[in-house]
Number of protein chains: 2
Amino acid sequence: MSAAAEKKRLGPEDWVAAARTALIEGGPSAVAVEPLAKRMGVTKGSFYWHFKDRPALLSALLSEWERRTTEMFAQSPGETALDRFAKLGDLQASGAESAFEAAIRGWALSDDQVSEVVRATDARRAQYIEGLFHEIGATGEYATALARLMVVAAAGEMQMAALGEPTPPSTIATLVRLMARFAKPGLSPQR
Amino acid sequence: MSAAAEKKRLGPEDWVAAARTALIEGGPSAVAVEPLAKRMGVTKGSFYWHFKDRPALLSALLSEWERRTTEMFAQSPGETALDRFAKLGDLQASGAESAFEAAIRGWALSDDQVSEVVRATDARRAQYIEGLFHEIGATGEYATALARLMVVAAAGEMQMAALGEPTPPSTIATLVRLMARFAKPGLSPQR
DNA sequence: ATCGTCCCATACGTCAGCGTATCGCGGCGC
DNA sequence: GCGCCGCGATACGCTGACGTATGGGACGAT
């Protein structure tokens, strides 16, 4: 009767998936057991079979995001630093995960657990990108600032994409180009 | 008995202020009438005198933010474009309003009204900054991309600041410096 | 065929928050 | 001093969501 498919039996992944879309379009408070059950065409009897309680679902959802976002930065060996920069741009453009991440970040504002995970993720990203800059030849503290700038921009970009702003493909690309031209050996931050 | 002061009589502004802090530290769902009343040392009888219902409070809160954030971009006449760029940096560093804006943006993800306002705000900011670039002498479409990049970075920066990440003072400053060196007449985007 | 296991439905008690209705109080005008 | 009005308290019903308890059906193993 609903929009859900006719898959008769559910597993925890199904609940996490449903929770994911609910979080995206309604925020944390929309990740509620009974509404989810209704949308999936079952009752909460199902839920409490697979999960202890609502917090359990939420932390499973958080883990899910953490898993996804870390494996996006998996380094396929045999790529140059420039290749990886380009991959970051593409990864940004394909905004499939943007809505998810934006929702997670919004959630993080009011939940310390989530906040912790997001902070750690940001730190890892900054470190990764800084490594790329090093390979290109940017000097130490400047590379740090530039890397952080990229992380910041990525966060902002996802936010806006999730708000439905038609994200010009040029924004992050612009930044990357800026970086590429600027972060060359011998260029010091001052003057 | 609570932490609130002993101001005996309340106005709508007090409720909006309370709603503001509640939104910041608990998200939209924390902007609930009865909890707010408890924190303010009154009952909801007071609330329903000043406001029609909960949505009324929420939209008042949204208007409040819109008001504040537009008057932050008020141009004091007699400033050069570079002065205004610097002011943007400072405005960013003083993260007093960061938490508020981050909360608003998080809220916007699940509310079309809010989303609309935020989008409009972003557009105005981008336009304003693009104007600054024009004064500096950057070419058209490139200035557009750079301006948008600044808006994006600002959004991301506020997010992270609200998450408690110790925001290095260098990030936006770095961007501004990048811009200042790069956005000079005669520099085209390609090659 | 029977049994056990997995998965879900049903029914129930509880609680928090919304909105309404009604009453009470303090101060101000006159 | 009296009435009036701005503001808040109290009490009520209602809804939605949480978590529990218990029962039942489908399906494979033996």
Side-chain angles (χ1 to χ4, degrees), chain A residues 1-62 103 106-107 109-111 113-114, chain B residues 1-62 103 106-107 109-111 113-114:
Chain A
M1 184 193 273
S2 207
E6 297 295 343
K7 190 182 161 195
K8 267 143 231 145
R9 275 168 116 90
L10 304 174
E13 340 81 43
D14 301 292
W15 283 96
V16 172
R20 194 182 97 105
T21 77
L23 176 71
I24 288 175
E25 55 192 34
S29 67
V31 185
V33 177
E34 282 165 329
L36 284 184
K38 207 158 300 180
R39 277 175 57 133
M40 299 175 71
V42 292
T43 65
K44 41 180 200 163
S46 170
F47 174 81
Y48 286 99
W49 173 257
H50 299 287
F51 294 90
K52 179 185 171 294
D53 51 12
R54 185 168 170 270
L57 175 64
L58 290 173
S59 80
L61 182 57
L62 180 57
W107 182 17
L109 292 174
S110 54
D111 185 308
Q113 298 257 348
V114 183
Chain B
M1 185 194 271
S2 209
E6 298 296 341
K7 191 183 160 194
K8 267 144 231 145
R9 258 135 140 111
L10 303 173
E13 339 83 42
D14 301 291
W15 283 97
V16 172
R20 194 181 98 107
T21 77
L23 176 71
I24 288 175
E25 56 191 35
S29 67
V31 185
V33 178
E34 282 165 329
L36 282 185
K38 206 158 304 182
R39 277 175 58 132
M40 299 175 71
V42 293
T43 66
K44 41 179 200 168
S46 170
F47 174 82
Y48 286 99
W49 174 259
H50 298 288
F51 294 90
K52 178 183 171 296
D53 51 12
R54 185 168 170 271
L57 175 63
L58 290 173
S59 80
L61 181 56
L62 180 57
W107 181 18
L109 292 173
S110 54
D111 186 308
Q113 299 257 347
V114 182

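Here the structure is a predicted model, which is why all the values come from computation and not from measurement. Lettering of chains follows the sequences in order, A, B, ..., and the numbering in each one begins at 1.
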Is any side-chain N or O of B:W49 closer than 4.0 Å to OP1 or OP2 of D:dG8? no
Rounded to whole Å, the NZ-P distance (B:K38 to D:dA9) equals 13 Å
side-chain N/O B:H50 vs D:dG8 OP1/OP2, d < 4.0 Å: yes
First and last nt of DNA chain C near chain A, cut-off under 4.0 Å to heavy atoms, 5' to 3', are C:dC6 to C:dA11
Ranking D:dA17, D:dG8, D:dA11 by distance to the side chain of B:K44, first place goes to D:dA11
Between CZ of A:F51 and P of D:dT20 the distance, given in whole Å, is 15 Å
Judged by nearest nucleotide, the residue sitting upstream toward the 5' end of DNA chain D, A:R54 or B:V42, is B:V42
When rounded to the nearest 0.5 Å, the distance separating CG of A:L10 from NE2 of A:H50 is 6.0 Å
Between the CH2 atom in A:W15 and the CG atom in A:L57, the distance rounded to the nearest 0.5 Å is 8.0 Å
d(A:E25 CD, B:L109 CG) to nearest 0.5 Å is 12.0 Å
* **Any side-chain heavy-atom pair of A:R39 and A:T21 under 4.5 Å** => yes
Taken to the nearest whole Å, CG/A:L36 to P/D:dA17 is 10 Å
Rounded to whole Å, CZ of A:R9 lies from P of D:dG25 at a distance of 13 Å
Assert: residue with more 5' nearest nucleotide on DNA chain D, out of A:G45 and A:V33, is A:V33
The reported gap from CG in A:L36 to CG in A:D14 (rounded to nearest 0.5 angstrom) is 12.0 Å
In short, B:A32 meets B:P35 closest at the heavy-atom pair O-CD, 3.4 Å
One should read off an interatomic distance between B:S110 OG and A:W107 CH2, to the nearest 0.5 angstrom, of 14.0 Å
Whole-Å distance, A:F47 CZ to D:dA21 P, equals 16 Å
Between CG of A:L57 and C1' of D:dC18 the distance, given in whole Å, is 13 Å
